[in-house]
Amino acid sequence: MSRAVTLLLILIAASTLTGCASGTVQTPVMPWIPPANVMLDCPDLPLAQDGKLATLLSNHKEVSDLYHQCQALNQAKKELIERHASGG
């Protein structure tokens, strides 16, 4: 082999070996911050103001609506966390 070919082979071998020696630079992982609109707490449920049937029915409807809104919010939180955990 000629001296030039030998030198070229040595340079190729040296350059491939030094690439591994430096390693890879690890990029910092940014902390995951969930959207603010799903991190809301469920509201306190109102109490009926008196024992009249109309008041109790109105209060029951209001409590039921708040419960379903909170249920939907918690489902959204669950889906968001599951999606984030799976890398999606």
Side-chain angles (χ1 to χ4, degrees):
M1 259 197 281
S2 74
R3 185 175 172 93
V5 173
T6 305
L7 183 60
L8 181 62
L9 290 175
I10 290 172
L11 286 174
I12 291 172
S15 67
T16 58
L17 292 175
T18 56
C20 296
S22 64
T24 58
V25 177
Q26 212 170 17
T27 46
V29 177
M30 298 299 291
W32 178 67
I33 301 171
N37 64 338
V38 295
M39 295 312 296
L40 302 172
D41 291 328
C42 293
D44 293 332
L45 300 177
L47 298 174
Q49 298 300 313
D50 57 48
K52 296 178 184 174
L53 182 59
T55 306
L56 293 173
L57 289 173
S58 174
N59 179 261
H60 177 73
K61 168 111 175 61
E62 186 178 0
V63 166
S64 177
D65 290 344
L66 289 171
Y67 170 80
H68 289 290
Q69 290 171 6
C70 187
Q71 184 183 39
L73 178 65
N74 283 325
Q75 182 64 31
K77 287 179 189 180
K78 179 183 169 203
E79 290 171 3
L80 184 67
I81 291 168
E82 288 172 349
R83 191 169 50 242
H84 177 72
S86 69

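Predicted model only: the values in this text are computed from it and were never measured.
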Engineer: My understanding is that only residues two or more places apart in sequence, or in another chain, count here; which of them pass side chain to side chain contact (heavy atoms under 4.5 Å, CB included) with Leu80?
Structural biologist: Trp32, Pro34, Pro35, Val38, Arg83

Engineer: With clusters built from Ile, Leu, Val, Met, Phe, Trp and Tyr whose side-chain heavy atoms come within less than 4.5 Å, directly or transitively, what are the remaining members of the cluster of Leu53, listed by chain and number?
Structural biologist: Leu57

Engineer: For the pair Asn59 (side chain) and Pro46 (backbone), establish whether a donor and an acceptor sit closer than 3.5 Å, ignoring hydrogens and angles.
Structural biologist: yes

Engineer: Can you give the donor-acceptor pairs under 3.5 Å from side chains of residues 62-74 to other protein atoms, not counting sequence neighbours?
Structural biologist:
residue: Asp65; atom: OD1; partner: Lys61; partner atom: NZ; Å: 3.3
residue: Asp65; atom: OD2; partner: Lys61; partner atom: NZ; Å: 2.8
residue: Asn74; atom: ND2; partner: Cys70; partner atom: O; Å: 3.4

Engineer: Leu56 and Gly51: which non-hydrogen atoms are nearest, and at how many Å?
Structural biologist: CD1-O, 3.5 Å

Engineer: If the condition is side chain to side chain donor-acceptor pair (under 3.5 Å), which residues does Asp50 pass it with, not counting sequence neighbours?
Structural biologist: Thr55

